Amino acid sequence: DIDPDLLSYTICINTLANSKLQGSAQKAEDLLRILEKASLDGDSSLLPDVKCYNSVLHAWATSDEKIATKKILQLLKEMKDLREGSGRLDLVPDSVSCTSIISSMTRRGDKESSTLRKEMMSLVESNNVIETDAGLQNALLLAHLNSSTSSALEADKVLRKMVEDSINNPNKIKPVSPCICFFHSLL
């Protein structure tokens, strides 16, 4: 009798997260809940890791379902509660999750999405725990440029940080050559 292990579940969650089919985000979350229940019932080998949570965050961020923003907020709160309550310091959204959440919330544009986008931007910009990459920096830059409340100065800060990071960390972040559209948007 062969039972699926954490890797098997993670692969399934990831596949659902990337499928973008109707209902796939909920199915990914359902698999996460199965892992949570199994680990609570004593199977520590099925304790969901940060990859599982981030994949479900990504699934909801790319979902067109109306409940997506609420689901993201709920999952982020659960991760925070687990981090603070049980010392699971690994449960921090990664750059892929943050990028997909910020990009998705920028596209949606409703009030709730705008609030979540601002929270994520603030979390990323004030927190050295989340490693930024060029994709996340571009998402932050576009979010500032598309926001009615952000200023061009905030976008300029992100752009300057992109260039600075690519100079200071050339092995970690590929050199950034912002396109002319970014400079025109700043004007």
Side-chain angles (χ1 to χ4, degrees), residues 1-124 127 129-140 142-143 146:
D1 196 28
I2 299 175
D3 292 324
D5 60 3
L6 183 61
L7 179 61
S8 303
Y9 278 102
T10 304
I11 290 169
C12 290
I13 290 170
N14 230 353
T15 301
L16 287 164
N18 291 314
S19 76
K20 304 199 182 29
L21 295 173
Q22 187 68 25
S24 61
Q26 185 58 59
K27 289 178 184 172
E29 185 175 339
D30 291 345
L31 287 176
L32 176 66
R33 301 300 175 214
I34 290 169
L35 288 171
E36 289 173 335
K37 184 178 179 333
S39 67
L40 285 173
D41 289 345
D43 190 348
S44 61
S45 70
L46 292 179
L47 180 68
D49 61 11
V50 70
K51 293 174 193 161
C52 295
Y53 285 94
N54 280 322
S55 292
V56 176
L57 280 172
H58 177 72
W60 282 117
T62 56
S63 170
D64 290 332
E65 296 180 48
K66 291 182 181 185
I67 61 168
T69 305
K70 285 184 175 136
K71 289 289 194 168
I72 291 168
L73 287 167
Q74 175 188 345
L75 206 53
L76 287 170
K77 183 182 181 323
E78 286 176 31
M79 290 173 75
K80 181 181 178 196
D81 291 347
L82 283 169
R83 233 183 4 259
E84 293 172 357
S86 64
R88 298 269 322 265
L89 301 178
D90 65 316
L91 293 182
V92 176
D94 64 8
S95 65
V96 174
S97 296
C98 291
T99 301
S100 58
I101 291 168
I102 291 168
S103 298
S104 174
M105 298 305 109
T106 299
R107 280 191 308 276
R108 289 177 198 262
D110 59 64
K111 185 177 180 180
E112 190 175 38
S113 298
S114 178
T115 302
L116 176 57
R117 185 194 74 234
K118 288 175 194 169
E119 286 178 25
M120 290 303 297
M121 289 168 62
S122 161
L123 173 71
V124 170
N127 185 346
V129 175
I130 300 169
E131 289 191 28
T132 59
D133 58 16
L136 179 52
Q137 289 175 330
N138 279 310
L140 285 169
L142 288 171
N146 290 322

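All values reported here derive from a predicted model rather than from experimental measurement.
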| Any donor-acceptor pair under 3.5 Å from Ser19 side chain to Leu16 backbone | yes

| Quick one: CD1 on Ile34 to CD on Glu36, what's the gap to the nearest 0.5 Å? | 10.5 Å

| message | Measuring from atom NZ of Lys37 to atom CG of Asp43, what distance do you get when rounded to the nearest 0.5 angstrom? | response | 11.5 Å

| Which atom names give the shortest non-hydrogen contact between Pro48 and Leu32, and what distance separates them? | CB-CD1, 3.6 Å

| Closest contact, heavy atoms only, Glu65 versus Gln22 | CG-NE2, 3.6 Å

| Do Asp64 and Lys20 come close enough that some side-chain heavy atom pair is under 4.5 Å? | no

| message | Please check this pair: side chain of Ser63 against backbone of Ala59, looking for a donor-acceptor N/O pair closer than 3.5 Å. | response | no

| said: For a quick test of reading the model, state the closest non-hydrogen atom pair linking Ser86 to Leu82 and the distance between them. | reply: OG-O, 2.7 Å

| Would a distance-only check, ignoring hydrogens and angles, find a side-chain to backbone donor-acceptor pair under 3.5 Å from Glu29 to Val56? | no

| query | With a 4.5 Å limit on heavy-atom distance, are the side chains of Leu6 and Cys52 in contact? | reply | yes

| message | Within this structure, what is the CD1-NZ distance for the pair Ile13 and Lys27, rounded to the nearest 0.5 Å? | response | 14.0 Å

| field | Side chains of Lys77 and Asp81 in contact at under 4.5 Å (non-hydrogen atoms) | value | yes

| Just how far is it from atom CD of Glu84 to atom CG of Leu91, taken to the nearest 0.5 Å? | 11.5 Å

| request: Could you check Ile101 against Trp60 for side-chain contact (heavy atoms from CB on, under 4.5 Å), going step by step and ending with a plain yes or no? | output: CA-CA 8 Å; Ile101 291 168; Trp60 282 117; over 6 Å; no

| task | Mind checking the CG-CG spacing from Leu35 to Leu40? Nearest 0.5 Å is all I need. | result | 11.0 Å

| field | Separation of Leu31 CG from Ile11 CD1 (nearest 0.5 Å) | value | 12.5 Å

| query | Are any of the side-chain nitrogens in Arg33 or Glu78 under 4.0 Å away from the carboxylate oxygens of its partner? | reply | yes

